[in-house]
Amino acid sequence: MFGSSVVIIIIMASICFLIGAAVIRRSFKNVESDFRIYLAPVVGLAILVCIATFHGWLYPYSWRVSITEIVILVAFALWLERKRLREYPRDLITVLILSLGISAPILAPILKFDSYNPFTDSFTYLVHGQWLQSHSFSENFSTSGYHPALTQVYLYQQGKLRMGASFLLGLVQSLFRLEWSYLAYPAVTALGLISGTFAVGAAVSKVFPKQKLTHIFIILSAGIFFNGFSYGALWGFFPQTFGLAFATGFVVILGYLFDEFPRSFRWIDLVRACIPGAFVGAALIYSYNEIVPFVALSALIYFFGAIIFCRDRLLRQLLIAGAMGLVIVGLVNVELLRQIHNQNISAMASSASTTHLGWPVPWNVGEFLAHAMGIRPAYFGNHFEIIAPLIAIVAFIGLFIIILSLARNRAIWEHSVVSLSLCAILAFLVGFIYFRYCVPNLSPVEIGHSFFQFKLAKWSSTFFAIFIGLALASIIGKADSVAKPLYIVWAISIVAALGIHWFVITDGMTHNFTESVGSRRSAFSCLTRLRDLTTKVSGKDVIYLNFGPTPQHQKLGEMVAYVLFDRRLAGDYQDDGYIAGSLPVNEKRIPYKEASWVIDHVDNNCLSVSAAAGTCGYLSLRKAPKRLFQLASIDGSFDSKTGKESLWRCSNGKLVFNYKIIGDNRNCKPKVSFSYRSDLNTNLHVTMEGENKSSFAISSGPDWHNFVSVPIPVKSDRLTISFEQSGNHSAEAQDKGNFCIKNVGFLDPDDPVLEN
């Protein structure tokens with residue numbers, strides 16, 4: 001998967017660069033070489049998103065159509081630039097080397113584990129990409145609990161939500177003939193990150209065109225450091241990644257036109273000059289229209305400033321902005337009504353003080369600022385809650401002192417790229433203040449609506465990166481003696497950030513997925529092997545997903561539904577926030593009695609897994625037994641560990657497994673089996689509570705021991721098994737962990753698999 005992802009990034013980044021560079025050269029006159037190179041990826045990517053959107057609405061993606069579209073685009077770009085093709089190899093190599101460096105955090109888990117974590121919002125977009133391989137987005141269908149994954153398509157159709165990034169994912173999947181959108185997703189995400197960071201470099205190069213090393217360093221830093229842009233790309237904020245890239249590119253292009261478009265012009269020249277920005281603006285609307293009001297507010301703040309500082313250019317700039325808007329409307333065309341509807345829904349949701357979106361983020365103002373500037377890693381919990389805000393506040397003050405120094409002789413307004421970026425930060429600051437101080441606290445641990453504050457911190461990150469690059473370039477330009485030491489420290493910081501990604505963040509990001517599936521490497525291949533096992537299941541048969549309504553394995557259940565999106569499934573989705581809201585009320589829970597087969601997890605019954613018709617890691621496929629034992633919760637576990645087809649949990653005190661019995665629980669008398677060990681030679685007290693409560697003690701020691709109980713009569717739909725170690729233990733023993741329980745399972749005489 002790593003090799004294919006690198007190949008996709010190289011090919012798609014090359015295509016974006018070639019298309020974007022040709023369009024920019026034909027649209028802008030006398031453009032600086034570096035500015036054109038850095039701006040080309042975001043323009044090319046925007047054109048691909050617009051084409052993918054048009055295609056995805058009308059027809060399913062197929063390899064023949066996709067490759068034809070790309071070949072025509074590339075051939076046209078090469079024809080436009082036929083007299084300058086000798087310039088391209090050197091520029092393209094520069095872009096590709098930087099692109100792979102920017103993509104390193106995204107590629108790291110694939111290189112290390114041959115997988116990445118889909119237990120995020122990415123589940124939604126993976127379903128989109130997969131469904132679009134055989135359906136157009138305009139094809140309506142009725143949502144069904146038998147196909148839970150397809151609720152993600154239905155949700156976006158009915159909610160009129162933005163699909164630009166998902167359309168691009170579908171296009172790339174078909175272009176490279178990949179069986180699963182999961183295999184295309186990292187490379188496509190990287191394209192958004194790459195184009196956005198290059199747009200940051202373009203802004204810096206516009207003001208300091210001769211500092212090429214500064215351009216390279218700020219491009220790498222914007223994609224590798226721990227800001228909201230890179231965080232969103234890594235954690236499944238897929239449309240946001242493209243939205244930030246296009247918002248940054250649009251602001252940079254608009255600022256360039258404000259400064260460079262001549263006073264005397266023909267209307268055809270104005271339309272031609274607006275084409276790159278219009279494609280980027282249209283792609284922004286298609287991909288992430290939530291951020292559009294803040295981009296518009298940025299322009300409004302700019303024009304108020306222009307009235308004071310550069311009134312002589314105001315009329316021409318208003319004309320440029322108006323022409324740009326008209327060309328964007330032309331590109332978005334009938335989709336504009338759908339986007340306006342979605343924008344109204346988003347605005348109402350955002351303004352409602354009781355709207356609970358995301359999760360509480362109990363940060364102080366300094367922490368939000370640090371995250372926006374790339375200093376406060378959101379991955380590390382509260383480890384940076386003291387030092388990061390202090391660094392951020394000092395850096396923020398120093399940054400604006402340097403930027404304000406550029407304002408002498410109206411310099412900041414002479415460079416509209418700089419002033420528009422500053423206005424964007426001010427627009428996000430207005431939103432931050434509103435959601436922090438003008439809405440009620442949504443929970444006891446937060447001030448205002450903290451998740452929206454978190455979003456705004458992420459959205460401002462690319463514009464902060466522009467200012468950080470400008471500030472460092474200003475320092476280097478004014479004091480040559482500090483250039484070399486500064487570049488050395490900067491390079492060391494980039495290498496250190498990559499090391500943190502590799503040794504810390506990558507493991508933490510991928511752990512949940514690999515541990516849930518039961519495969520340290522190539523976890524997704526376990527899911528595809530599970531799909532292969534279902535070939536023995538009739539297309540009319542229903543497969544029950546025994547993952548339960550609790551969050552224990554909810555995300556794993558979603559990914560199983562993704563790889564089985566076209567099979568008839570049953571399960572309990574009542575508490576699944578992604579799926580339940582788009583299902584008919586009577587299909588939020590498809591009863592077990594309709595199922596002929598079961599997909600189970602080792603947590604629910606390890607003995608059933610080992611005796612199943614087929615296993616893939618911790619997952620199994622088997623004939624539906626008379627009843628299922630579903631793990632509802634575990635209390636008292638401080639750690640979990642995995643081994644080959646086994647999973648054990650450790651406790652310092654009391655460990656309680658709560659099971660729910662699904663199906664026919666009449667005459668239910670299973671034997672309970674488990675393995676146990678302890679670092680202390682004391683007795684282990686076991687209590688099993690079904691119809692009656694029974695307790696007994698077993699001796700324990702440092703080695704693993706196996707135990708099988710007598711039949712346990714159960715007449716209710718609940719079974720509780722608790723473990724507690726006798727004796728008093730030292731603090732050292734408490735920290736070490738007193739005992740571990742492994743492979744809790746049930747020997748059910750009515751289980752058809754075990755009978756066979």
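In what follows, every heavy atom counts, from backbone to side chain, and hydrogens, waters and symmetry copies are set aside. Nothing fancy with the numbering, it's 1 onward along the sequence.
The aromatic rings of Phe513 and Phe119 sit perpendicular, their planes meeting at an angle over 60°, well past the 30° parallel limit. Using bins of under 30°, 30° to 60° and over 60° for the plane-to-plane angle, the ring pair Phe657/Phe723 lands in the perpendicular bin. Ring pair Phe524/Tyr182 is parallel by interplanar angle, where below 30° counts as parallel and above 60° as perpendicular. A parallel orientation is assigned to the rings of Phe629 and Phe746, their planes being inclined by less than 30° (bins at 30° and 60°).
Looking at heavy atoms from C-beta onward, Phe2 lies in side-chain contact with Val6 at the 4.5 angstrom threshold. You'll find the side chain of Tyr156 reaches within 4.5 Å of the side chain of Phe137, heavy atoms only. Between Ile599 and Phe547 there is a side-chain heavy-atom pair separated by less than 4.5 Å. Counting heavy atoms from C-beta on, the side chains of Phe674 and Asn743 never come closer than 4.5 Å. Contact of the Cys740 side chain with the Tyr676 side chain is not registered, since no non-hydrogen atoms from C-beta on lie closer than 4.5 Å. In this structure, Val153 and His135 have side chains that are not in contact, with every pair of non-hydrogen atoms separated by 4.5 Å or more. In this structure the side chain of Pro148 reaches within 4.5 angstrom of the side chain of Leu569, judged on heavy atoms. Inter-residue side-chain proximity for Ser673 and Asn706 is flagged as unmet; no heavy-atom pair is nearer than 4.5 Å.
With values rounded to the nearest 0.5 angstrom, Leu98 atom CG is found 7.5 Å from Tyr38 atom OH. The CD1 atom of Ile102 sits 9.0 Å away from the OG atom of Ser195 when rounded to the nearest 0.5 Å. Summarising the geometry, atom CG belonging to Leu244 is positioned 10.0 Å from atom CG belonging to Leu193; distances are rounded to the nearest 0.5 Å. The CG atom of Leu545 sits 7.0 Å away from atom CG of Leu564, with the distance rounded to the nearest 0.5 Å. Note that CD of Gln152 and OG of Ser166 are 10.5 Å apart. Values are rounded to the nearest 0.5 Å. The structure places CD1 of Ile93 at 12.5 Å from OG of Ser99, a figure rounded to the nearest 0.5 Å.
Ion pair Asp566/Arg531 flagged as a salt bridge, since at least one NZ, NE, NH1 or NH2 atom sits closer than 4.0 Å to an Asp/Glu carboxylate oxygen. A salt bridge does not link Asp703 with Arg677: none of the charged nitrogens is closer than 4.0 Å to a carboxylate oxygen.
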Decide side-chain contact (heavy atoms from CB on, under 4.5 Å) for Val172 and Met12; before the verdict, give the C-alpha distance in whole Å, the side-chain angles of both, and the deciding distance to 0.1 Å.
CA-CA 8 Å; Val172 173; Met12 295 306 300; 4.0 Å; yes
Could you give me the CA-CA distance, side-chain angles and deciding distance for Asp576 and Lys555, then say whether salt bridge (Lys or Arg N to Asp or Glu O under 4.0 Å) is met?
CA-CA 9 Å; Asp576 191 314; Lys555 301 303 293 184; over 6 Å; no
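Judged by distance alone, the side chains of Asn117 and Thr510 never bring a donor and an acceptor atom under 3.5 Å apart. Side-chain contact of Ser221 with Trp490: a donor-acceptor pair under 3.5 Å is present, judged by distance alone. The closest side-chain donor-acceptor pair between Tyr544 and Asp600, if any, does not fall under 3.5 angstrom. Side-chain N/O atoms of Ser174 and Ser66 include a donor and acceptor closer than 3.5 Å. Remark: the Ser230 side chain and the Asn227 side chain contain an N/O donor-acceptor pair separated by less than 3.5 Å.
Between the Thr241 side chain and the Phe237 main chain, a donor and an acceptor come within less than 3.5 Å of each other. A donor-acceptor contact shorter than 3.5 Å is absent between the side chain of Ser678 and the backbone of Phe739. Side-chain N or O atoms of Arg567 include one that pairs as donor or acceptor with a backbone N or O of Thr534 at under 3.5 Å.
A cation-pi arrangement is not found for Arg162 relative to Tyr288, the charged atom failing to lie both closer than 6.0 Å to the ring centre and inside a 45° cone about the ring normal. A cation-pi contact, defined as under 6.0 Å to the ring centre and within 45° of the axis, links Lys458 to Phe454.
Leu155 and Ser582 get closest at one heavy-atom pair: CB-OG, 3.5 Å. Here the closest non-hydrogen pair linking Glu367 and Pro362 is OE1-O, 4.3 Å. The two residues Thr462 and Val200 have their closest heavy-atom pair at O-CG2, 3.7 Å. Closest approach of Leu191 to Ala13, counting heavy atoms only: CD2-N, 3.9 Å. Between Gln130 and Glu179 the shortest heavy-atom distance is NE2-O, 2.9 Å. Closest heavy-atom contact between Leu126 and Pro118: CD1-CB, 4.2 Å.
In this structure, the ring of Tyr116 has its center less than 6.0 angstrom from the ring center of Tyr185.
A ring pair (Phe, Tyr, Trp, His ring centres under 6.0 Å) with Tyr562 is found for exactly one of Trp180, Tyr125, Phe123, namely Trp180.
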